[in-house]
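Here is the structure we will look at, set down as C-alpha coordinates.
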There are 2 protein chains.
Amino acid sequence: MSRRTEQREAILDALRGSDRAVTAQELHGTLEGVGLATVYRNLQRLTDEGTAETLRRDNGEQAFLICGGGHHHHLTCRVCGRVERVRDCRLDDWAGEVAAAHGFAQVEHNAELVGVCKSCLKTGK
Amino acid sequence: MSRRTEQREAILDALRGSDRAVTAQELHGTLEGVGLATVYRNLQRLTDEGTAETLRRDNGEQAFLICGGGHHHHLTCRVCGRVERVRDCRLDDWAGEVAAAHGFAQVEHNAELVGVCKSCLKTGK
DNA sequence: CTTTGTGCAAAGGCTTTGCATGCTT
DNA sequence: AAGCATGCAAAGCCTTTGCACAAAG
(Lines give C-alpha, C1' and ligand atoms only; values in the text may rest on other atoms or scores of the structure.)
Protein backbone atom coordinates (compact mmCIF):
# COMPACT_ATOMS: atom_id res chain seq x y z
CA MET A 1 0.00 0.00 0.00
CA SER A 2 0.92 3.60 -0.50
CA ARG A 3 2.57 5.47 2.28
CA ARG A 4 1.64 9.06 3.03
CA THR A 5 4.50 11.48 2.45
CA GLU A 6 4.83 15.21 2.18
CA GLN A 7 6.21 14.95 -1.31
CA ARG A 8 3.43 12.79 -2.61
CA GLU A 9 0.85 15.17 -1.18
CA ALA A 10 2.59 18.13 -2.72
CA ILE A 11 2.60 16.46 -6.12
CA LEU A 12 -1.04 15.46 -5.88
CA ASP A 13 -2.06 18.93 -4.80
CA ALA A 14 -0.15 20.49 -7.64
CA LEU A 15 -1.79 18.18 -10.14
CA ARG A 16 -5.23 18.75 -8.75
CA GLY A 17 -4.71 22.48 -8.69
CA SER A 18 -3.63 22.70 -12.29
CA ASP A 19 -5.87 23.16 -15.31
CA ARG A 20 -3.01 22.20 -17.60
CA ALA A 21 -1.09 19.01 -18.05
CA VAL A 22 2.28 19.39 -16.37
CA THR A 23 5.57 17.62 -16.83
CA ALA A 24 7.77 16.07 -14.20
CA GLN A 25 10.37 18.73 -14.75
CA GLU A 26 7.83 21.49 -14.34
CA LEU A 27 6.61 20.01 -11.09
CA HIS A 28 10.15 19.62 -9.87
CA GLY A 29 10.77 23.26 -10.68
CA THR A 30 7.63 24.39 -8.91
CA LEU A 31 7.76 22.24 -5.82
CA GLU A 32 10.68 23.19 -3.65
CA GLY A 33 12.16 20.33 -1.79
CA VAL A 34 10.92 17.50 -3.94
CA GLY A 35 13.58 15.58 -5.80
CA LEU A 36 13.20 14.99 -9.50
CA ALA A 37 13.34 11.24 -9.16
CA THR A 38 10.62 11.40 -6.57
CA VAL A 39 8.42 13.37 -8.93
CA TYR A 40 8.95 10.82 -11.66
CA ARG A 41 8.30 7.90 -9.35
CA ASN A 42 5.10 9.36 -8.00
CA LEU A 43 3.78 10.31 -11.40
CA GLN A 44 4.55 6.84 -12.58
CA ARG A 45 2.65 5.34 -9.74
CA LEU A 46 -0.28 7.70 -10.10
CA THR A 47 -0.73 6.74 -13.72
CA ASP A 48 -0.34 3.06 -12.92
CA GLU A 49 -3.07 3.39 -10.34
CA GLY A 50 -5.22 5.16 -12.87
CA THR A 51 -5.36 8.33 -10.84
CA ALA A 52 -3.47 10.43 -13.34
CA GLU A 53 -3.46 10.49 -17.11
CA THR A 54 -0.75 11.18 -19.57
CA LEU A 55 -0.49 13.43 -22.59
CA ARG A 56 2.41 13.55 -24.95
CA ARG A 57 3.78 16.88 -26.06
CA ASP A 58 5.14 17.45 -29.52
CA ASN A 59 8.70 17.18 -28.31
CA GLY A 60 7.96 13.79 -26.78
CA GLU A 61 7.82 15.01 -23.23
CA GLN A 62 5.17 13.43 -21.03
CA ALA A 63 2.68 15.68 -19.28
CA PHE A 64 0.38 14.56 -16.50
CA LEU A 65 -3.06 15.56 -15.35
CA ILE A 66 -5.82 14.38 -13.11
CA CYS A 67 -9.07 14.30 -14.95
CA GLY A 68 -11.37 11.84 -13.20
CA GLY A 69 -12.53 8.45 -14.43
CA GLY A 70 -14.82 7.32 -17.19
CA HIS A 71 -14.36 7.50 -20.92
CA HIS A 72 -13.54 11.02 -22.04
CA HIS A 73 -11.39 13.06 -24.35
CA HIS A 74 -9.39 16.24 -23.99
CA LEU A 75 -9.80 19.66 -25.49
CA THR A 76 -6.56 21.56 -25.19
CA CYS A 77 -5.90 25.26 -25.75
CA ARG A 78 -2.91 25.57 -28.02
CA VAL A 79 -2.12 28.97 -26.57
CA CYS A 80 -2.30 28.64 -22.81
CA GLY A 81 -2.36 24.87 -22.51
CA ARG A 82 -5.56 24.66 -20.53
CA VAL A 83 -7.14 21.23 -20.83
CA GLU A 84 -10.87 20.66 -20.63
CA ARG A 85 -12.45 17.34 -20.11
CA VAL A 86 -14.90 16.26 -22.83
CA ARG A 87 -17.43 13.61 -21.91
CA ASP A 88 -19.47 13.89 -25.06
CA CYS A 89 -18.18 11.12 -27.32
CA ARG A 90 -19.87 9.83 -30.42
CA LEU A 91 -16.93 8.04 -31.87
CA ASP A 92 -17.91 4.50 -31.04
CA ASP A 93 -20.15 4.04 -34.04
CA TRP A 94 -17.60 5.50 -36.35
CA ALA A 95 -14.81 3.43 -34.83
CA GLY A 96 -16.89 0.28 -35.09
CA GLU A 97 -17.72 0.84 -38.72
CA VAL A 98 -14.18 1.66 -39.67
CA ALA A 99 -12.98 -1.42 -37.86
CA ALA A 100 -15.51 -3.61 -39.64
CA ALA A 101 -14.63 -2.14 -42.99
CA HIS A 102 -10.97 -2.98 -42.43
CA GLY A 103 -11.51 -6.37 -40.83
CA PHE A 104 -10.23 -5.24 -37.47
CA ALA A 105 -11.61 -6.27 -34.09
CA GLN A 106 -11.24 -5.08 -30.50
CA VAL A 107 -10.89 -1.52 -31.62
CA GLU A 108 -10.34 1.32 -29.22
CA HIS A 109 -10.27 4.96 -30.11
CA ASN A 110 -8.55 7.98 -28.81
CA ALA A 111 -9.20 11.52 -29.93
CA GLU A 112 -7.59 14.83 -29.16
CA LEU A 113 -9.09 18.23 -29.78
CA VAL A 114 -6.87 21.29 -29.94
CA GLY A 115 -8.05 24.86 -30.33
CA VAL A 116 -7.98 28.26 -28.75
CA CYS A 117 -9.91 28.84 -25.57
CA LYS A 118 -12.27 31.70 -24.93
CA SER A 119 -9.95 33.75 -22.77
CA CYS A 120 -7.04 33.40 -25.15
CA LEU A 121 -9.32 34.49 -27.97
CA LYS A 122 -10.11 37.70 -26.13
CA THR A 123 -6.50 38.38 -25.33
CA GLY A 124 -5.95 38.32 -29.06
CA LYS A 125 -4.72 35.11 -30.69
CA MET B 1 16.44 21.92 -53.07
CA SER B 2 16.98 18.37 -52.03
CA ARG B 3 19.93 16.52 -53.39
CA ARG B 4 19.64 12.94 -54.56
CA THR B 5 21.67 10.53 -52.51
CA GLU B 6 21.80 6.79 -52.09
CA GLN B 7 20.94 7.07 -48.43
CA ARG B 8 17.92 9.22 -48.95
CA GLU B 9 16.61 6.86 -51.60
CA ALA B 10 17.17 3.88 -49.35
CA ILE B 11 15.24 5.54 -46.56
CA LEU B 12 12.39 6.56 -48.81
CA ASP B 13 12.16 3.09 -50.31
CA ALA B 14 12.10 1.53 -46.89
CA LEU B 15 9.34 3.83 -45.75
CA ARG B 16 7.29 3.28 -48.86
CA GLY B 17 7.75 -0.47 -48.65
CA SER B 18 6.59 -0.69 -45.06
CA ASP B 19 3.05 -1.16 -43.87
CA ARG B 20 4.08 -0.22 -40.35
CA ALA B 21 5.40 2.97 -38.87
CA VAL B 22 9.13 2.58 -38.34
CA THR B 23 11.57 4.35 -36.07
CA ALA B 24 14.88 5.91 -36.99
CA GLN B 25 16.71 3.24 -35.05
CA GLU B 26 14.84 0.49 -36.85
CA LEU B 27 15.68 1.99 -40.21
CA HIS B 28 19.29 2.36 -39.19
CA GLY B 29 19.32 -1.29 -38.18
CA THR B 30 17.76 -2.41 -41.43
CA LEU B 31 19.62 -0.25 -43.89
CA GLU B 32 23.27 -1.18 -43.99
CA GLY B 33 25.55 1.68 -44.67
CA VAL B 34 23.30 4.50 -43.61
CA GLY B 35 24.43 6.41 -40.56
CA LEU B 36 22.02 6.97 -37.72
CA ALA B 37 22.33 10.75 -37.93
CA THR B 38 21.56 10.60 -41.61
CA VAL B 39 18.43 8.62 -40.93
CA TYR B 40 17.30 11.17 -38.37
CA ARG B 41 18.09 14.09 -40.62
CA ASN B 42 16.23 12.65 -43.55
CA LEU B 43 13.20 11.68 -41.53
CA GLN B 44 13.18 15.15 -40.09
CA ARG B 45 13.22 16.67 -43.52
CA LEU B 46 10.61 14.31 -44.91
CA THR B 47 8.20 15.26 -42.18
CA ASP B 48 8.96 18.94 -42.59
CA GLU B 49 8.18 18.64 -46.28
CA GLY B 50 4.97 16.86 -45.43
CA THR B 51 6.01 13.69 -47.18
CA ALA B 52 6.14 11.58 -44.05
CA GLU B 53 4.00 11.50 -40.95
CA THR B 54 4.83 10.80 -37.39
CA LEU B 55 3.33 8.53 -34.78
CA ARG B 56 4.38 8.42 -31.17
CA ARG B 57 4.87 5.05 -29.50
CA ASP B 58 4.03 4.48 -25.88
CA ASN B 59 7.63 4.77 -24.85
CA GLY B 60 7.88 8.14 -26.51
CA GLU B 61 9.78 6.94 -29.52
CA GLN B 62 8.86 8.52 -32.81
CA ALA B 63 7.82 6.30 -35.69
CA PHE B 64 7.49 7.43 -39.28
CA LEU B 65 5.33 6.44 -42.19
CA ILE B 66 4.34 7.64 -45.61
CA CYS B 67 0.64 7.71 -45.96
CA GLY B 68 -0.26 10.18 -48.70
CA GLY B 69 -1.92 13.55 -48.35
CA GLY B 70 -5.37 14.68 -47.38
CA HIS B 71 -7.12 14.47 -44.07
CA HIS B 72 -7.09 10.95 -42.69
CA HIS B 73 -6.64 8.92 -39.57
CA HIS B 74 -4.79 5.75 -38.72
CA LEU B 75 -5.99 2.33 -37.73
CA THR B 76 -3.15 0.42 -36.14
CA CYS B 77 -2.93 -3.27 -35.30
CA ARG B 78 -1.78 -3.59 -31.74
CA VAL B 79 -0.29 -7.00 -32.48
CA CYS B 80 1.69 -6.65 -35.70
CA GLY B 81 1.82 -2.89 -35.94
CA ARG B 82 0.32 -2.66 -39.40
CA VAL B 83 -1.14 0.76 -40.04
CA GLU B 84 -4.10 1.32 -42.32
CA ARG B 85 -5.10 4.66 -43.65
CA VAL B 86 -8.66 5.71 -42.82
CA ARG B 87 -10.21 8.38 -45.02
CA ASP B 88 -13.68 8.09 -43.57
CA CYS B 89 -13.92 10.85 -41.01
CA ARG B 90 -17.08 12.16 -39.43
CA LEU B 91 -15.47 13.94 -36.56
CA ASP B 92 -15.81 17.48 -37.78
CA ASP B 93 -19.37 17.93 -36.60
CA TRP B 94 -18.58 16.48 -33.25
CA ALA B 95 -15.42 18.53 -32.91
CA GLY B 96 -17.27 21.68 -33.88
CA GLU B 97 -20.02 21.13 -31.37
CA VAL B 98 -17.65 20.33 -28.57
CA ALA B 99 -15.62 23.40 -29.40
CA ALA B 100 -18.70 25.58 -29.36
CA ALA B 101 -19.90 24.12 -26.10
CA HIS B 102 -16.59 24.96 -24.48
CA GLY B 103 -16.11 28.34 -26.10
CA PHE B 104 -13.14 27.22 -28.13
CA ALA B 105 -12.34 28.25 -31.70
CA GLN B 106 -10.02 27.08 -34.42
CA VAL B 107 -10.36 23.50 -33.31
CA GLU B 108 -8.54 20.66 -34.96
CA HIS B 109 -9.00 17.02 -34.19
CA ASN B 110 -6.83 14.01 -34.30
CA ALA B 111 -8.02 10.46 -33.73
CA GLU B 112 -6.25 7.17 -33.44
CA LEU B 113 -7.84 3.76 -33.79
CA VAL B 114 -6.11 0.70 -32.41
CA GLY B 115 -7.32 -2.86 -32.77
CA VAL B 116 -6.35 -6.28 -34.02
CA CYS B 117 -6.12 -6.85 -37.75
CA LYS B 118 -7.70 -9.71 -39.63
CA SER B 119 -4.57 -11.76 -40.08
CA CYS B 120 -3.52 -11.41 -36.45
CA LEU B 121 -7.01 -12.51 -35.44
CA LYS B 122 -6.60 -15.73 -37.41
CA THR B 123 -3.17 -16.42 -36.01
CA GLY B 124 -4.89 -16.31 -32.66
CA LYS B 125 -4.37 -13.02 -30.82
C1' DC C 1 11.76 -2.29 14.16
C1' DT C 2 10.55 -3.16 9.43
C1' DT C 3 9.29 -1.46 5.20
C1' DT C 4 8.64 1.91 1.91
C1' DG C 5 9.89 6.53 0.09
C1' DT C 6 13.33 10.00 -0.94
C1' DG C 7 17.64 12.19 -2.81
C1' DC C 8 21.47 12.27 -5.36
C1' DA C 9 24.15 10.91 -8.87
C1' DA C 10 24.99 7.75 -12.44
C1' DA C 11 23.28 5.42 -16.29
C1' DG C 12 19.99 4.65 -20.29
C1' DG C 13 17.56 5.70 -24.53
C1' DC C 14 16.27 8.61 -28.15
C1' DT C 15 17.51 12.57 -30.77
C1' DT C 16 20.33 16.52 -32.17
C1' DT C 17 24.57 18.85 -33.35
C1' DG C 18 29.64 20.03 -34.63
C1' DC C 19 33.01 19.20 -37.71
C1' DA C 20 35.72 17.14 -41.25
C1' DT C 21 35.12 14.44 -45.37
C1' DG C 22 32.79 12.88 -49.57
C1' DC C 23 29.50 13.23 -53.13
C1' DT C 24 26.14 15.78 -56.14
C1' DT C 25 25.37 19.22 -59.34
C1' DA D 1 34.66 24.16 -58.03
C1' DA D 2 30.89 25.13 -54.70
C1' DG D 3 27.61 23.47 -51.67
C1' DC D 4 24.90 20.26 -49.57
C1' DA D 5 24.76 15.45 -47.40
C1' DT D 6 26.97 12.00 -44.69
C1' DG D 7 29.43 9.85 -40.73
C1' DC D 8 31.14 9.67 -36.42
C1' DA D 9 31.35 11.03 -31.99
C1' DA D 10 30.02 14.18 -28.57
C1' DA D 11 26.45 16.48 -26.38
C1' DG D 12 21.44 17.22 -24.98
C1' DC D 13 17.06 15.94 -22.99
C1' DC D 14 13.92 13.28 -20.65
C1' DT D 15 13.49 9.39 -17.81
C1' DT D 16 14.96 5.42 -15.06
C1' DT D 17 17.79 3.09 -11.68
C1' DG D 18 21.17 1.95 -7.71
C1' DC D 19 22.23 2.79 -3.27
C1' DA D 20 22.41 4.85 1.23
C1' DC D 21 19.65 7.49 4.30
C1' DA D 22 15.26 9.17 6.22
C1' DA D 23 10.54 8.66 7.29
C1' DA D 24 6.12 6.14 7.97
C1' DG D 25 3.45 2.68 10.19
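Protein chains get the first letters and strands the later ones, always in sequence-line order, with residue 1 at the start of each. As the structure is a prediction and not an experimental result, all values here were calculated from the model.
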Contact class for R41(B) (heavy atom, under 4.0 Å): base, sugar-phosphate, or nothing? base
Rounded interatomic separation in angstrom, taking CZ from R4(A) and C1' from dT6(C): 14 Å
Toward the 5' end of DNA chain D, by each residue's nearest nucleotide, L36(A) or R8(B): R8(B)
Side chain of E9(A), backbone of E6(A): donor and acceptor closer than 3.5 Å? no
Could you check whether R45(A) gets within reach of a base, just the sugar-phosphate, or nothing at all, counting any heavy atom under 4.0 Å? sugar-phosphate
Salt-bridge contact E84(B)-K118(B) (side-chain N to carboxylate O under 4.0 Å): no
In whole angstroms, the gap separating P of dG13(C) from CZ of R56(B) amounts to 18 Å
Using a cut-off of strictly less than 4.0 Å, decide whether Q7(B) has a side-chain nitrogen or oxygen near OP1 or OP2 of dC23(C). no
How many Å lie between CZ on R57(B) and P on dG13(C), as a whole number? 16 Å
At under 4.0 Å between heavy atoms, what does N59(A) touch on the DNA or RNA strands: base, sugar-phosphate, or nothing? nothing
So, are R56(B) and E61(B) salt-bridged, with charged N and O less than 4.0 Å apart? no
side-chain hydrogen bond (donor to acceptor under 3.5 Å, both in side chains) between S2(A) and R45(A), worked out: CA-CA 10 Å; S2(A) 245; R45(A) 171 181 300 202; 2.6 Å; yes
Do D88(A) and R90(A) meet the salt-bridge criterion of a basic N to acidic O distance under 4.0 Å? yes
Determine: side-chain N/O of Y40(A) to OP1/OP2 of dT15(D), distance under 4.0 Å, yes or no. yes
Taken to the nearest whole Å, CG/L43(A) to P/dC14(D) is 15 Å
Please report, rounded to the nearest Å, how far the P atom of dT16(D) is from the CD atom of E61(A). 12 Å
Would you say the side chains of H109(B) and H73(A) form a donor-acceptor pair under 3.5 Å? no
For R3(A) and dC1(C), give me the distance from atom CZ to atom P, rounded to whole Å. 15 Å
Ignoring backbone atoms, establish whether Q62(B) has a side-chain N or O less than 4.0 Å from OP1 or OP2 of dC14(C). no
What is the distance, rounded to the nearest whole Å, between atom CD of E49(B) and atom P of dA5(D)? 10 Å
Given 3.5 Å as the limit, does a donor-acceptor pair link the side chain of S18(B) with the main chain of A14(B), or not? no
Does T5(A) make a side-chain N or O approach to OP1 or OP2 of dG5(C) shorter than 4.0 Å? no
To the nearest Å, how far apart are I11(A) CD1 and dT6(C) C1'? 10 Å
Is the distance from OP1 or OP2 of dT15(D) to the nearest side-chain N or O of Q44(A) less than 4.0 Å? no
For DNA chain D, what residues of residues 23-34 of chain B have any heavy atom nearer than 4.0 Å? G33(B), V34(B)
